[in-house]
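Each remark here refers to the structure printed beneath this line.
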Amino acid sequence: MRRLVLMVRLRRNRWGRLDCFPDLAAAAVAAAAGARLVTAGPAGTVPEWARDLARSRPDAVVLVSDRSTRAVAEALGDGLAGRGVSVAHAEPDGDRARLVHRGGAGPELVAEADLGRLYRSGAVAAAQAARLGVPVGEETIEELRHIAARSAASMTVPLIANGDTDWRDLAERLRRAADQGPRLPLLHPRIDPDAVDAEVAAAVSSFATGGVTVEATADRTDVGRVRSALSAFAAHRLRPLVRVLAGREGHWPADRLAALLRAVPDAVIETDLSTLRRLSSRGALAGCPPQTDTAVRLREDRRRSRAGLQRACTGRGAPPPVTVGVEDLWWEHDEPVTAHERWLGSVVDAGGTVRARRPDAASVAHAAVHDIEEVCAPGAYGTASDRPDLVWIESAEPVLVDIDQAWRHGRCHSRLFDPGALVAGLCRLGHGPCPASTGRQLYVEADGTVLLGRAGPAVGKTGDDLNALRAEIRALPAAANGCRCRPEGMADADRPWLGRVLDAALAVAALSGEHPRLFEPTGRAGLRVSGCGGPLTHASASRPNWPASAAMLQFDDRYYLHAAGRAHRLAPALAAAVEIRLDRPDDAAETLARDRRLAAATAAKAVAAAEAALAATGVLPAGKRTA
């Protein structure tokens, strides 16, 4: 009776999500070992995934993982072993099509897989085998013929080269094979720029019917060699795709990457979003235009995460429909979470999100687990860090000093106005509702104690029923301003301009989604904030209080009104009328006429248009007019 061996390749995609990915190494070893490659992505918690894999009653499961998914593989292996399934672990060995056995029970892995058997074994479907690619070697033509024979559909096959690949010889062999009549798939060579010269470009262009990819390495590839390779292909009317891969041990030097992007703005950086955000904070994307793949990925990520992070930080916006009142569970220590995995699974099932300090340990709980250091690192306000997305206010004094400096002198400190960060704990200053007061943020200490807010009271232990935790939260008394996470000694901020400055800081974070240049260290030089150092469009004094959540920004020569989480671009004339209407509600028309030297009737019409715009964006109630 034939043994059933499943092979699972765990990997994080470019958006940072966990999934199953068939790659060449895993497919080749599966073919050599007689295993079946699993290609369906995970769903639910790790125990649920282990249960689903065990349902097919395999004799053994080979889990293939890299550094970012190793903890997930170990937790999944433990779950399978508990169900009587033999488990083996493996990891890819560099860029070659082979795996390294990492010990454990299970079948013997073939280190050097017979790639010639892959495309005739049925280990993967023909179309999927085509996406995996064919290493360039003696059997390249035969493997391409097998792929073409197993599918009538047209497909493009990547040709994977190494440093010794003879492209001229391959071009000649492909020409002879085409003369013999069999249909070959479309070919897409992947080539190192150091291997490209005029003769190689001519040879590759003769058969590259599916395009060409130039694969640069972040820490080794010379920018001049990339330019030279692109020029050589351009002579044959080929425009290759440039992919930038990580260097040794996942190294991404920001300076070399910035130089490469300045030379080739359309280059695709093959990494996940967390690494992309760190590279952006170090100026590696300074030469990347906003329409390129890298900028679009970063901008889309910001747009998706901005609303959720803003709710988590400030409690604004409608709470999500979570039945047990839990939106975020922030794991506040470095211990593995496997001891509380079932309880964490109940949080996830209720619609919660687990944020953990260590990504590998966090990932064992659920595929949707986020790394707290990369998604919302709660560092002390003002502490130097690698541009966290969330800054937690540990003490009121530093943030209040920055607020005062911003309002009085226009010095918008990057700790408060960093477009890539949001400030958490504003309710402790008396600004906005407290997320912890509704049980939307829970924190877990190392001993398993569940706290209401990062500095709030204890409401239970991990393992407690979530409905019981919610009952404990409801029984707690509320503070005067609704904040339940403010510790003793945190005084209310007696500053009428506090809300306006903080709303402006949130507006800068929102505007950065539309303007990636704000991510660059010099991007904020062209940014001005209404009220911080004075108004933008008139000579009168700024009003300390504006309607809640309203802010006006000037970026270069463009004006934006931020309201209800959205940025609306305004014409300069309308921006002037809007700002004067909000700063001088009692005599807006007179101030506008005097400041802009307009007729009284013209100024009155401009103020009426400003009020209509403010009503449309929700800043002012509809129908409200200046007295």
Compare every heavy atom of Ala90 with every heavy atom of Val62, then report the nearest pair and how far apart it is.
-> CG1-CB, 4.5 Å
Measure the spacing between CG of Leu187 and OG1 of Thr140 and express it to the nearest 0.5 Å.
-> 10.0 Å
Residues that Thr217 engages under side-chain contact (heavy atoms from CB on, under 4.5 Å), provided they are two or more places apart | Asp219, Arg220, Thr221
Taking every heavy atom of Val204 against every heavy atom of Pro189, the minimum-distance pair comes out as CG1-CG, 3.8 Å
Determine the minimum heavy-atom distance between Ala54 and Arg83, stating which atoms define it.
-> CB-CD, 3.8 Å
Expected output: side-chain Ser205 to main-chain Ala201 donor-acceptor under 3.5 Å | yes
Closest heavy-atom pair and its distance - Arg225, Val196 | NH2-O, 2.8 Å
After noting the C-alpha distance and the side-chain angles of Val264 and Val214, does the key distance pass the side-chain contact (heavy atoms from CB on, under 4.5 Å) rule?
-> CA-CA 11 Å; Val264 190; Val214 173; over 6 Å; no
Applying side-chain hydrogen bond (donor to acceptor under 3.5 Å, both in side chains) to Arg190 and not counting sequence neighbours gives Glu215
Give the C-alpha distance, both sets of side-chain angles, the deciding distance and a yes or no for side-chain contact (heavy atoms from CB on, under 4.5 Å) between Phe207 and Leu184.
-> CA-CA 10 Å; Phe207 64 82; Leu184 295 178; over 6 Å; no
Is there a side-chain contact between Asp59 and Ser86 (heavy atoms, below 4.5 Å)?
-> no
Min side-chain heavy-atom separation Leu170-Leu159 under 4.5 Å | yes
Does Arg168 have any side-chain contact (heavy atoms from CB on, under 4.5 Å) partners at least two apart in sequence or in another chain, and if so, which?
-> Asp166, Asp197, Glu199, Val200, Ala203
Is any side-chain heavy atom of Thr213 less than 4.5 Å from a side-chain heavy atom of Pro158?
-> no
Are side-chain heavy atoms of Arg145 and Ile141 found at a separation under 4.5 Å?
-> yes
Provide the closest heavy-atom pair for Gly210 versus His188 in the form atom of the first, atom of the second, distance.
-> O-ND1, 2.7 Å
Interatomic distance, CD@Glu172 vs OG@Ser206, rounded to 0.5 Å, equals 9.0 Å
Is the shortest heavy-atom distance from the side chain of Ile269 to the side chain of Trp252 under 4.5 Å?
-> yes
Indicate the atoms forming the closest heavy-atom contact of Pro185 with Thr209, along with that distance.
-> O-OG1, 4.4 Å
Any side-chain heavy atom of Leu174 sitting closer than 4.5 Å to one from Leu144?
-> yes
Separation between CG (Leu260) and CZ (Arg227), nearest 0.5 Å, reads 9.0 Å
Side-chain contact, heavy-atom cut-off 4.5 Å: Leu53 with Leu76?
-> yes
Whether over 12 other heavy atoms sit under 6.0 Å from Arg239 CZ = no
